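Each remark here refers to the structure printed beneath this line.
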Amino acid sequence: MERVIIFDTTLRDGEQAPGATLNTEEKLEVARQLERLGVDVIEAGFPIASPGDFEAVRLIAREVREPVICALAHANAEAIDRAWEAIKEAKRARLHVFLSSSDIHLAYQLRMGQAETLELARDMVARAKGYLEDVEFSPMDATRTSHQFIYQILEAVIEAGATTVNIPDTVGYTTPEEFSRLIRGIFENVPNIHKVVVSVHCHDDLGLAVANSLAALTCGARQVECTINGIGERAGNASLEEIVMALRTRRDFFELTTNIDTTQIHKTSRLVSELTGFSIPPNKAIVGANAFRHESGIHQDGILKEPTTYEIMDARSIGLPSSTLVLGKHSGRHAFKAHLEELGYTLTEGDIERAFSAFKEIADKKIEVTDRDLESLVAEEMRTTSEAYHLEQVQVSCGDRSVPTATVKLITPDGEVIADAALGTGPVDAVYKAINRLVGVPNTLTEFSVKAITEGIDAIGEVTIRIESEGRVYTGRGASTDIIVASAKAYMNALNRLLAVKGKKQEV
Ligand code: KIV
Ligand code: ZN
């Protein structure tokens, strides 16, 4: 069976989703998990975009050795040189050059004709080829470009040394039938196409990204670009887990394989959701909380008699933990560590120590500590390891006929303990105002949501917020059995991200 190359762009196109900003350590953490998942290529970022992007790509290129590490550059000499600089230490590196090709983009954005565009594409691929063997080229907005021009541009870039040609549906406009026609046309009309891998990159504006990608694979494309949980620009990109599980579950139809260790899917999806703050809808295919749950009596009856009556996939194949009730307050450090390992976490001794004391605190408040609680607890630990300001204590007084009042204690980046108090319209408002008095970074709260992670009155509450500052969105998450504490943690998380970005800007 032929193998499909899985090109993951969570750290580049995925991170372009407003509010999905990750810091360098978080990007490295995701890259390491993508390596465990078995992706073939990691698009680690767009180095010319910002010094932060450059640093993250360079770090990933140094540290993550198994997959090919790819850096994106627009068709510009400086961008290509910078991208190369970022990935040159990778064990296996790739440069990905893109240039718009549609009449709309040429007329309004590039203000260039087709002949000039073709020449620039050829020259920039040749420049990238001067640095390394593995060069990918994408004609941006390919699905709104005349087929004849796509054939010409692909022939020219292959001649100049491209080894992969990627066909992006940049604006999520195409349909499976139409995209199939384009891919078949490319195989029939580009004379040197057999020398390269044909790749596809689909966006989900019409909800067709996965369908379009799979259609292209049936026509001979052998690389698919996708993201974890389908995050990305606007409505997002084709979702990696959906493509991989479709290929696996319907191997009889597609007759294609991948290198993905599907038992790592659940964990990778949770990690990306935790770090980006993008919740996974319960009905999301493969990784949604309801994806393997059965509510209807008839379905439950069928499942009990024979699981395949209503299940086309085994939950264990994506690494979904089989047990729900796991540990309690009498569980020891050893059982705790062993269980985390079973869930796929490899933490340092220091992380385990911190997570264990957090676990003991939760176990004191909750009778049952489930896998979901543990995942949330580990995520909470990961969030607080790289923070500038640390929430030391929060205390509120509120209720009917009282003025909500909050006292907050923080530890500053210099280790100093600072405290202040504020009044608010409600307890969360009072807490946020007290934090603002201490941190003093202007921002606007644009979104606030709270959800229970597990069932029951003693469930851990998870708060997700988004704040905006100078046109940029920052996501924050916090979890606790006390939702006011969770709200304070979420705000600190978002503020710390904002401060990290501001700090990086000042360094430049
Ligand atoms: O959607 C797109 O066209 C892209 C390119 C840079 C490949 O992300
Ligand atoms: Zn894209």
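One-based numbering, in listed order, for ligands and for the atoms of each. The basis for the numbers below is simple: all heavy atoms, side chains too, and nothing from hydrogens, waters or symmetry mates. Fair warning: this is a prediction, and the values are worked out from it, not measured in the lab. Heads up: numbering here begins at 1 and tracks the sequence.
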Practice task
Indicate whether any N or O donor in one side chain lies under 3.5 Å from an N or O acceptor in the other, for Ser239 and Glu241.
Solution key: yes

Exercise. Can we say Glu15 and Lys27 salt-bridge, meaning some charged N sits less than 4.0 Å from an Asp/Glu carboxylate O?
Worked result: yes

The closest protein heavy-atom partner of atom 5 (C) of ligand 1 is Arg12 NH2, 4.0 Å

Note: ligand 1 atoms sitting under 4.0 Å from heavy atoms of Met140 are 3 (O)

- Message: Contact between ligand 1 and His74 is defined here as a heavy atom of the residue under 4.0 Å from a ligand atom; is it met?
- Response: no

Report task. Check whether any N or O atom of Asn166, backbone or side chain, sits under 3.5 Å from an N or O atom of ligand 1, and answer yes or no. Result -> no

inquiry  = Side chain or backbone, does His201 bring an N or O within less than 3.5 Å of an N or O on ligand 1?
reply    = yes

*asked:* What I want to know is whether Asp13 and ligand 1 share at least one N or O pair that is separated by under 3.5 angstrom.
replied: yes

For a distance under 2.8 Å, tell me if Asp13 has an N/O/S atom near the Zn ion (ligand 2). yes

* Asked: Can any side-chain N or O of Ser138 pair as donor or acceptor with the backbone N or O of Met140 at less than 3.5 Å?
  -> no

Are any of the N/O atoms on Thr170, whether in the backbone or the side chain, positioned under 3.5 angstrom from an N/O atom of ligand 1? yes

Among N, O or S atoms, His203 approaches the Zn ion (ligand 2) most closely through NE2

- Query: Side chains of Asn443 and Ser469: do they bring a donor and an acceptor to under 3.5 Å?
  - Reply: no

heavy-atom search around atom 1 (O) of ligand 1 in the protein gives His203 NE2, 3.0 Å

Checklist line | Flag for Asn283-Asn290: side-chain donor and acceptor within less than 3.5 Å | finding: no

Phe98 heavy atoms within 4.0 Å reach ligand 1 at atoms 6 (C)

Would you mind checking if Glu35 and Arg65 are paired as a salt bridge, meaning a charged N to carboxylate O distance below 4.0 Å? no

To the Zn ion (ligand 2), the closest N, O or S atom belonging to His201 is NE2

- Item | Polar side chain donor-acceptor pair, Thr444 to Glu468, under 3.5 angstrom | no

* To do: Indicate yes or no: does Arg127 engage Asp81 in a salt bridge with an N to O separation below 4.0 Å.
  => yes

